[in-house]
There are 2 protein chains.
Amino acid sequence: MSRWEPRARERLVRAAAELFDEHGYDSTTVVQIAQRAGLTKSTFFRHFPDKREVLFAGQDVLCELLASGIDAAPDEATPLTAVAAGLEAAAGNFTPELRAIGPVLRAVVENNSDLREREALKHHSFADAMALALRRRGIAEPAAGLAAWLGVLAFTDAYACWVDPSCDQELTALLRLKLGELRAAISSLD
Amino acid sequence: MSRWEPRARERLVRAAAELFDEHGYDSTTVVQIAQRAGLTKSTFFRHFPDKREVLFAGQDVLCELLASGIDAAPDEATPLTAVAAGLEAAAGNFTPELRAIGPVLRAVVENNSDLREREALKHHSFADAMALALRRRGIAEPAAGLAAWLGVLAFTDAYACWVDPSCDQELTALLRLKLGELRAAISSLD
DNA sequence: ATAGGCGATGGGACTTGGTCCCATCACTGT
DNA sequence: ACAGTGATGGGACCAAGTCCCATCGCCTAT
């Protein structure tokens, strides 16, 4: 039995990803996920607060990385420069393995409204974390919130490119590129 | 019996708002909501896709208003001017009655993570609708998406002020004000 | 080595959100 | 009076999520 083998959490994530890919998110049961991981429903909910979260596991770390990256930016950094520092810090969390399963994850999330909803909440969390860090630097609203959402837009754009197999650039380069494009687009708004 | 009385949907919304205010969202059951409205669980789910939606009923109309407002903006309008037109069009959907129960709704939503999640999804919907309408005007990405999120930020800011009893300004005025503040903040970003 | 202490797990009862299907009721036009 | 239509009631059913307790394996102190 695999009951007492280590890395239970990781086994649950892998089992969930496999089953979601095979039968879809809706047609997969938490009990099935736990069974494939050699565990039970009880243990699943001890590791994840709900079924959706198994696909977004570890994204709370991103908030901390974003904030610490902004905190660590030099004092003379402009808001957007600080945001760029936060994004760069967060980029370290994205492994090549994550890049490999990226297309599968995207397909699963895009085909389920519950998962898109959770994704939207995560984006808000990113924005909130960055805005808070920016305010710690003395940047007032609404500039802090605006810069933070610019960061989220750059991040989502860059991530979408990064997981696309036809794009082999590094994530940090993509982040800088997308943030630059957004910065350039600002002047065309009005 | 009230079984065949009209406005079943409205009765369900009122019953839900009352019960959420009295006992909280989590401690209120769909069966209880239906009972207070003189209906049953079956009928509740015939009017709303899920329990959360009873608090966001009619927000899909906002997407259409935002889009049609942007579509109706003059050809020479800049992206932000078009967004302003969309926001102004959407403002017509906010009645004084909605303003009165605003603080209650805010408290209920802020105290429940499921509801904040749904709210985040609604904001994404607003942004998507506005970005799509802006692209119809020939505005390319990422400018369209950026302008759309500026609109969402202005909208949420303005709405928060509007429902605050200590602020008696009109929503359209607040929208113009917040959008102006955001526009001014842009130059301070970098 | 033995006895406990501790954290992780299994397992089952339970509540609730949500789906499905069918019978029933009221209204409408013929 | 009659049939058709749309909204409702009601019950069976499934899966998500909560709660509680027994159990298991490991670790440590004596």
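Residue numbering restarts at 1 for every chain, and letters A, B, ... go by the order of the sequence lines.
Note on B:Arg52: a side-chain N or O is less than 4.0 Å away from OP1 or OP2 of C:dG18. An OP1 or OP2 oxygen of C:dG10 is reached within less than 4.0 angstrom by a side-chain nitrogen or oxygen of A:Thr43. The side chain of B:His47 contributes an N or O atom lying less than 4.0 Å from OP1 or OP2 of D:dT8.
With distances taken from any side-chain atom of A:Lys51 to the nucleotides D:dC19, C:dG18, D:dG17, the minimum falls on D:dG17. Across D:dG17, C:dC20, C:dG18, the shortest atom-to-atom separation from the side chain of B:Ser42 is found for C:dC20. With C:dG17, D:dA16, C:dG11 as the candidates, the nucleotide lying closest to the side chain of B:Thr29 is C:dG17.
Atom-to-atom, CD1 of B:Ile33 to P of D:dG9 comes out at 15 Å; the value is rounded to the nearest Å. Distance A:Arg7 CZ to C:dT9 P: 13 Å, rounded to the nearest Å. For the pair B:Phe44 CZ and C:dT16 C1', the computed distance is 13 Å after rounding to whole Å. Look at CZ on B:Phe48: it is 11 Å from P on D:dT8, rounded to the nearest Å. In this entry the distance linking CG of B:Leu12 with P of C:dG17 reads 14 Å, nearest Å. Taking atom CZ of residue B:Arg118 and atom C1' of nucleotide C:dG18, one finds them 13 Å apart after rounding to whole Å. B:Arg46 places its CZ atom 14 Å from the P atom of D:dG6, with the value rounded to the nearest Å. Whole-Å rounding puts the B:Arg9 CZ to D:dT8 P distance at 12 Å.
Between B:Arg52 and B:Glu117, no side-chain nitrogen of the basic residue sits less than 4.0 Å from a carboxylate oxygen of the acidic one, so the salt-bridge criterion is not met. Under 4.0 Å is where a charged nitrogen must lie from a carboxylate oxygen, and between A:Arg118 and A:Asp50 at least one such pair does.
When heavy atoms are screened at a 4.0 angstrom cut-off, A:Thr28 is found touching the sugar-phosphate backbone but no base atom.
Residue-environment remark: CD (B:Glu22) exceeds the threshold of 12 foreign heavy atoms within 6.0 Å.
With B:Lys51 contributing its side chain and B:Tyr25 its backbone, the two residues share a donor-acceptor pair below 3.5 Å.
Taking the six-membered ring where tryptophan is involved, the planes of A:Trp162 and A:Tyr159 are tilted, since the angle between them lies from 30° to 60°.
Across the interface with DNA chain C, nearest-nucleotide mapping of A:Thr40 and B:Lys41 shows A:Thr40 to be the residue nearer the 5′ end.
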